[in-house]
Protein chains: 2
Amino acid sequence: MSEVPAARLVIVTDSPARSPKAEQTRQAIIDAAMGLFRIRGYDKATMRAIADEAGVSIGNAYYYFSSKEHLIQAYYDGINAEHAAAAAPALENATTFADRLTGVLLAWVDVAEPYHEFAGKFFKNAAEPSSPLSPFSTESETTRLAAIDLHRRVVEGSDIKLAKALRAELPELLWLVQMGVVLFWVHDSSEGQQRTRALVQQAVPIIDRALRLTRLPGVRGLVDDVIGLIRAIKP
Amino acid sequence: MSEVPAARLVIVTDSPARSPKAEQTRQAIIDAAMGLFRIRGYDKATMRAIADEAGVSIGNAYYYFSSKEHLIQAYYDGINAEHAAAAAPALENATTFADRLTGVLLAWVDVAEPYHEFAGKFFKNAAEPSSPLSPFSTESETTRLAAIDLHRRVVEGSDIKLAKALRAELPELLWLVQMGVVLFWVHDSSEGQQRTRALVQQAVPIIDRALRLTRLPGVRGLVDDVIGLIRAIKP
DNA sequence: GTCTATAGTGGGATAGAC
DNA sequence: GTCTATCCCACTATAGAC
């Protein structure tokens, strides 16, 4: 259940341009950090210990990651890349909207599971608006757009029929749903995060039904207003 | 616009039992902290500076507040008390559901405004499950229940007609809406948080309409499922 | 460009005397 | 309840090796 994924996280940030050797060092630091985060927790995994474990000097660790938080950012990027990979089967095989969305959301829970224990520390920093780690920040725009794109594929490959305007906003709305799942997941201390999985499995059919109801005559006007509001508040 | 409220915040936590002298010291620390937070920002308002400003030693400051974050919690409690007071006129005078909800939500924005700049610091606690400051934690249950109670009064004093089960869950749902508003507000850098105010004013009528639609035949079954889900995931 | 070693700063938090 | 002294750690600075 709580195994580290066999494959290494392959990180895709754009910090210092890579030589093979540099890449190796960089990866060693990330591996050491992730290992220590899991064993000791975020606070007790000191930069000294991480550098030590990776077999480099503190100075060198800071050469690659300008703060302890940036180390987390690397981890965050890794989860996103893994998520895209883990979601691929669902996006290839499932045809109904509900199955596709469930597949993508559960894939995230699977991918994130090994890091659940210290994830709180990470999301804590992410929740602060001034932090570059915030999912709403410009710094994490690339990551965010990639995640939204995943949900664009959920919608586009599905059978669902919706008003054009709603369909256009839906990927972003589903990304917000995913953020909600993450918030729930962070607080979920059940074995293997079973409660989060149950939430996804029960919530998705409801979302699916709600979306189909938007074509109902009495509801359509309301949906237009919601769309209008969304567009008004987007920066 | 950004004035500190003239009246001192009277804090209602339950940390060390009060002697008059203790109360005085405690309040001096809070006053110093709030002043420095606003002038220098959270990070630069060091515990040393706060203790200094309050005329006590660092050790003494930690005697009253076991961490810098707990200093913020005291603050948070103060905002909630102020919010209840500021919401009272709306709860006494407004009769429609929409007006009552708008009044309560805008009262929060008014009360919180002077501290918008460093508010992000305490908001990030929401995301960290292990923190006693999390709005979902058992430690902040009293505060949370008081806030939910405010929304219970929004519902009870209003003209809205809803299915019994939905009506029972509504105060908690409205509290979640308020958390959403807080999330938006924290990221809102517009002058006087005008965008948040606009959001509230546009979103409330939509919520109002959506709630009234729940009595529609095609929608009723969906609402029952949502209620079922909510009850299933509540711990 | 990659890396080491080391010395130093500042601030959150604590121990223990009074 | 209050203080002083101290610890620990993130982070910086620097000087230089390969």
Side-chain angles (χ1 to χ4, degrees), chain A residues 11 13-33 36-37 39-75 118 121-122 124-125 128 130-133, chain B residues 13-30 32-33 36-37 39-75 118 121-122 124-125 128 130-133:
Chain A
I11 304 304
T13 352
D14 33 17
S15 332
R18 304 299 148 61
S19 80
K21 173 125 178 258
E23 184 50 43
Q24 212 181 333
T25 307
R26 193 187 152 78
Q27 196 62 50
I29 296 168
I30 292 174
D31 289 347
L36 288 177
F37 283 163
I39 297 168
R40 301 196 196 168
Y42 181 78
D43 284 337
K44 285 188 180 166
T46 68
M47 287 300 276
R48 283 172 179 80
I50 292 168
D52 226 56
E53 178 79 14
V56 300
S57 67
I58 300 186
N60 201 12
Y62 275 102
Y63 174 78
Y64 283 98
F65 300 94
S66 45
S67 77
K68 203 174 170 183
E69 286 202 348
H70 279 79
L71 220 32
I72 278 180
Q73 172 74 297
Y75 154 72
F118 71 88
K121 294 289 181 194
F122 166 67
K124 165 181 174 164
N125 296 322
E128 209 204 318
S130 57
S131 162
L133 301 183
Chain B
T13 350
D14 34 17
S15 330
R18 303 301 147 62
S19 79
K21 176 142 177 237
E23 184 50 43
Q24 211 181 336
T25 309
R26 191 188 154 80
Q27 196 62 50
I29 295 168
I30 291 174
L36 289 177
F37 283 163
I39 297 168
R40 302 197 195 167
Y42 182 79
D43 285 337
K44 285 189 180 164
T46 69
M47 287 299 279
R48 283 168 177 79
I50 291 168
D52 225 56
E53 179 78 15
V56 301
S57 67
I58 300 185
N60 201 11
Y62 275 100
Y63 173 80
Y64 285 97
F65 300 94
S66 46
S67 77
K68 200 175 170 182
E69 290 202 340
H70 278 80
L71 220 31
I72 279 179
Q73 169 74 310
Y75 192 61
F118 70 88
K121 297 294 177 186
F122 66 71
K124 73 184 211 184
N125 295 306
E128 215 217 312
S130 57
S131 164
L133 303 185

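The sequence lines fix the lettering, A, B, ..., with proteins before strands; numbering per chain opens at 1.
Phosphate proximity of C:dG10 to B:Thr46: absent, as no side-chain N or O sits under 4.0 Å from OP1 or OP2. At the phosphate of D:dC9, neither OP1 nor OP2 sits under 4.0 Å from any side-chain N or O atom of A:Lys44. Proximity of A:Lys21 to the phosphate of C:dT2: no side-chain N or O atom is located under 4.0 Å from OP1 or OP2.
Separating the CG atom of B:Asp52 from the C1' atom of D:dT4 is a distance of 14 Å, rounded to the nearest angstrom. The OH-P distance, from B:Tyr62 to C:dG11, rounds to 12 Å in whole Å. With rounding to whole Å, B:Leu36 atom CG is found 16 Å from C:dG12 atom C1'. The CZ atom of A:Phe37 sits 12 Å away from the C1' atom of D:dA10 (whole-angstrom rounding). What separates CD1 of B:Ile58 from C1' of C:dG12 is a distance of 9 Å, to the nearest Å. In this structure, A:Tyr42 atom OH and C:dG12 atom P are separated by 16 Å, rounded to whole Å. In this structure, B:Tyr64 atom OH and C:dA13 atom P are separated by 19 Å, rounded to whole Å. Atom CG of B:Asn60 and atom P of D:dC3 are 5 Å apart (whole Å).
Taking 4.5 Å as the limit, some side-chain heavy atom of B:Glu69 sits within range of a side-chain heavy atom of B:Tyr42.
When the nucleotides C:dT4, D:dC11, D:dC3 are ranked by their closest atom to the side chain of A:Ser67, D:dC11 comes out on top. Considering only the side chain of A:Tyr63, C:dT2 comes nearest among C:dA5, C:dT2, C:dG12. Side chain of A:Val56, nearest nucleotide from C:dT4, D:dC3, D:dA10: C:dT4. Among C:dA13, C:dT2, D:dT2, the nucleotide with an atom closest to any side-chain atom of A:Ala22 is C:dT2.
Contact detail for B:Ile29 and B:Asn60: the closest heavy-atom pair is CD1-O, 4.4 Å. Pairing each heavy atom of A:Ala49 with each of A:Arg40, the nearest pair is CB-NH1, 3.8 Å. When all heavy atoms are compared, the tightest approach of A:Ala74 to A:Phe65 is CB-CE2, 4.0 Å.
Between B:Ser66 and A:Ala61, it is A:Ala61 whose nearest contact on DNA chain C lies nearer the 5' terminus.
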**Request:** May I have the step-by-step check of side chain to side chain contact (heavy atoms under 4.5 Å, CB included) for B:Ile30 and B:Gln27, ending in yes or no?
**Result:** CA-CA 5 Å; B:Ile30 291 174; B:Gln27 196 62 50; 4.3 Å; yes
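For B:Arg48 and C:dG12, a side-chain-to-base donor-acceptor distance below 3.5 Å is present, hydrogens and geometry of angles not being considered.
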